[in-house]
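In what follows, every heavy atom counts, from backbone to side chain, and hydrogens, waters and symmetry copies are set aside. Counting from 1, the numbers follow the sequence of the chain as shown.
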Amino acid sequence: MNLEELANKRIAVLLSGGVDSSVVLYELARQGLKPDCFYIKIGPEQDEEWDCSSEEDLEMATAVAHKYGCKLEVIDCHQEYWDQVTRYTMDKVRAGLTPNPDVMCNRLIKFGAFHEKQGHDYDLIATGHYATTENEELGIRNEEWSPKTRKWLCTSPDPVKDQTDFLAQIYDWQLKKALFPIGHMMKEEVRAIADREHLAPAHRRDSQGICFLGKINYNDYIRRYLGELPGDVIELETGRKIGQHKGHWFHTIGQRKGMGLGGGPWFVIKKDIKQNIIYVSHGYDPESAYTQHFPIHDFHSINGQLPPTDITLKIRHTPDYLPARLETLGEGRYMVHAEAPIHGVAPGQFCVIYDADHHRCYGSGEITL
């Protein structure tokens, strides 16, 4: 979208207090635009006190908005996060699945609850995601005789920071309003701009926590709502009990670190939820930790376009796009035939589908095993 088009749009910027969204505001301001800025207040409980990290985030966001003469408004989405994202996460882990709260946070909070509270007043919602978009002209003209287009979610040139996998559950109408001003940049370039422009968050580290929850550890987040449920850890090949776990929901398929078992490494291979047993395999690269063929269901197409047979995919946030072939099973179900076995495939994970050149993202479906 060029400057003339942006000048005629009402733009909301979601400032998180981090370097990425700060550079988003700079990129818009340097083009003479003056968007409205919003900080989304989030957390696991409505009545919880803000921690130091959240207070610092807001201070940073306030400083950046002030630098460019933009107003900043705090939007409280505590309750929406609890009702939607936290409930989704806890229901999945209780069932022994491996959910991704960040994926649902984008769909339900950043482009969902925010839209209901304020975003509906804006033409575009700008975020610091590393992703790009492109419009495909369809050759069909609407009533104003202008060409009709289809908008695609596309990957960032920075494979390490690309966040299309976190956006692969958003709806078409959400993508149409999404603006990713730094999506075409490398992380080093974003850092350099923030440093050059003396932006307050220039030297802040990237968040390693869950979505908006900052420094909260994922296991602590789960323990807070589900508690502990001790059970046996059994070696898959021998049936030998080698230890105890504190709850199957603290462990994911393919996990190696944090098992607390001697004589490792040990890999989590599968979980028996009814018996509360975790099965592990010993060795540095056990064959049982890999899966080459697996089904996905409830495939969500971002813009209504179904994926081709030859694809690339991701099952977790990594720089790698894995080649595969899709077999259509019907009603949003596919069988994935990966070109090579994939480590740590777990039910509940999102399998994100791209074209063969890993450029356009079609959407994602949940893995079932």
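One finds the CD atom of Gln84 at 10.0 Å from the CZ atom of Arg107 (value rounded to the nearest 0.5 Å). Note that the CG atom of Leu28 and the NZ atom of Lys9 stand 14.0 Å from one another [nearest 0.5 Å]. Separating the CG atom in Asp172 from the CD atom in Gln305 is a distance of 9.5 Å, to the nearest 0.5 Å. To the nearest 0.5 Å, the span separating NZ on Lys161 from OG1 on Thr155 amounts to 15.5 Å. Distance check, rounded to the nearest 0.5 Å: CZ of Phe38 to CD of Glu73 gives 5.0 Å. Taking NE2 from His184 and CD from Glu27, the interatomic distance works out to 6.0 Å, rounded to the nearest 0.5 Å.
Between the side chain of Asp310 and the backbone N or O of Ala356 there is no donor-acceptor pair closer than 3.5 Å. With Asp76 contributing its side chain and His78 its backbone, the two residues share a donor-acceptor pair below 3.5 Å. Here the side chain of Arg30 pairs no donor or acceptor atom with the backbone of Leu25 at under 3.5 angstrom. Between the side chain of Asp162 and the backbone N or O of Ser156, at least one donor-acceptor pair lies under 3.5 Å. When atom types are taken as modelled, the side chain of Tyr88 and the backbone of Asn100 share a donor-acceptor pair closer than 3.5 angstrom. Using modelled atom types, no side-chain atom of Ser364 and backbone atom of Cys351 make a donor-acceptor pair closer than 3.5 Å. Using a distance-only test at 3.5 Å, with no hydrogens or angles considered, no donor-acceptor pair links the side chain of Asp357 to the main chain of His359. With Lys117 contributing its side chain and Cys77 its backbone, the two residues share no donor-acceptor pair below 3.5 Å. No donor-acceptor distance shorter than 3.5 angstrom exists from the side chain of Ser281 to the backbone of Leu236, with no hydrogens or angles considered. His245 contributes a side-chain N or O that, together with a main-chain N or O of Asn276, makes up a donor-acceptor pair within less than 3.5 Å.
Grouping the Ile, Leu, Val, Met, Phe, Trp and Tyr side chains by contacts below 4.5 angstrom, directly or via other members, places Leu229 apart from Ile278. The cluster map of Ile, Leu, Val, Met, Phe, Trp and Tyr, joined by side-chain heavy atoms under 4.5 Å apart, puts Val345 and Ile353 in the same cluster. Follow the hydrophobic side-chain contacts under 4.5 Å out from Leu326 and you never reach Ile302; the two are in separate clusters. Leu97 and Ile342 end up in different hydrophobic clusters when Ile, Leu, Val, Met, Phe, Trp and Tyr side chains are linked at under 4.5 Å.
Ala131 is linked by a side chain to side chain contact (heavy atoms under 4.5 Å, CB included) to Leu153, Thr164, Leu167, Phe180, counting only residues two or more places apart in sequence or in another chain. With sequence neighbours excluded, no residue forms a salt bridge (charged side-chain N to carboxylate O under 4.0 Å, His left out) with Asp298. With sequence neighbours excluded, no residue forms a salt bridge (charged side-chain N to carboxylate O under 4.0 Å, His left out) with Arg256. Applying the side chain to side chain contact (heavy atoms under 4.5 Å, CB included) rule to Ala346 yields the partners Thr98, Ile253, Gln349; only residues at least two apart in sequence or on another chain are considered. In this structure, the salt bridge (charged side-chain N to carboxylate O under 4.0 Å, His left out) partners of Asp36, at least two apart in sequence or on a different chain, are Arg10. Annotation: side chain to side chain contact (heavy atoms under 4.5 Å, CB included) contacts of Pro159 (sequence neighbours excluded): Pro319.
Between Ala178 and Phe111, the shortest heavy-atom distance links the atoms CB-CE2, 3.9 Å. Nearest heavy-atom pair across Gly263 and His282 is O-NE2, 2.6 Å. The two residues Ala65 and Leu15 come nearest to each other via the heavy atoms CB-CD1, 4.1 Å. Residues Gly17 and Met60 share a closest heavy-atom pair of O-CB, 3.5 Å. Closest heavy-atom contact between Glu228 and Trp249: C-CZ2, 4.2 Å. Closest non-hydrogen pair, Trp152 versus Cys361, comes out as CE3-O, 4.1 Å.
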For residues 186-201, which side-chain donor-acceptor pairs fall under 3.5 Å, sequence neighbours excluded?
residue, atom, partner, partner atom, Å
Lys187, NZ, Asp20, OD1, 2.9
Lys187, NZ, Asp20, OD2, 3.1
Lys187, NZ, Asp206, OD1, 2.9
Lys187, NZ, Asp206, OD2, 3.3
Arg191, NH1, Ala202, O, 2.9
Arg191, NH1, Arg204, O, 2.7
Arg191, NH2, Arg204, O, 2.8
Arg191, NH2, Asp206, OD1, 3.1
Asp195, OD1, His203, NE2, 3.0
Arg196, NH2, Tyr26, OH, 2.8

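The hydrophobic cluster around Trp173 extends to Tyr171, counting ILVMFWY residues whose side-chain heavy atoms fall within less than 4.5 Å of a member. Grouping Ile, Leu, Val, Met, Phe, Trp and Tyr residues whose side-chain heavy atoms lie under 4.5 Å apart, directly or via other members, places Met335 in a hydrophobic cluster with Leu329. Tyr321 shares a hydrophobic cluster with Val352, Tyr354; the chain of contacts runs through ILVMFWY side chains whose heavy atoms sit under 4.5 Å apart.
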(request) Determine, step by step, whether Thr238 and Glu235 satisfy the side-chain hydrogen bond (donor to acceptor under 3.5 Å, both in side chains) criterion, reporting the C-alpha distance in whole Å, the side-chain angles of both residues, the deciding distance to 0.1 Å, and the verdict. (result) CA-CA 6 Å; Thr238 65; Glu235 185 174 17; 2.9 Å; yes

(request) Starting from the C-alpha separation in whole Å, work towards a yes-or-no answer on side chain to side chain contact (heavy atoms under 4.5 Å, CB included) for Thr312 and Leu322. (result) CA-CA 5 Å; Thr312 53; Leu322 308 174; over 6 Å; no

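Residues Trp266 and Tyr279 place their aromatic rings such that the two centres sit no closer than 6.0 Å. The ring of Phe166 has its center no closer than 6.0 angstrom to the ring center of His129.
Using a 4.5 Å cut-off on side-chain heavy atoms (C-beta onward), Leu58 and Val74 make contact. His115 places none of its side-chain heavy atoms less than 4.5 Å from the side chain of Gln174. Residues Ile222 and Asp220 form no side-chain contact, since every pair of their non-hydrogen atoms from C-beta on lies 4.5 Å or further apart. Using a 4.5 Å heavy-atom cutoff, the side chains of Val93 and Leu226 are in contact. Counting only heavy atoms from C-beta outward, the side chains of His358 and Lys314 never approach each other to under 4.5 Å. At least one side-chain heavy atom of Phe114 sits less than 4.5 Å from a side-chain heavy atom of Leu14. The shortest distance between side-chain heavy atoms of Glu134 and Lys151 does not fall below 4.5 Å. Looking at heavy atoms from C-beta onward, Leu6 lies in side-chain contact with Ile11 at the 4.5 angstrom threshold.
Every pair tested for salt bridge (Lys or Arg N to Asp or Glu O under 4.0 Å) that includes a residue from residues 266-293 fails, sequence neighbours excluded, so the list is empty. Sequence neighbours left out, the pairs with a member in residues 322-346 that pass ring-ring contact (aromatic ring centres under 6.0 Å, His included) are Phe267-His343, Tyr290-His343, His293-His337, Phe299-Tyr334.
Counting heavy atoms of neighbouring residues, nucleotides and ligands inside a 6.0 Å radius, atom NZ of Lys246 does not exceed 12 of them.
Here Lys92 pairs with Glu366 in a salt bridge; the nearest charged N to carboxylate O distance falls below 4.0 Å.
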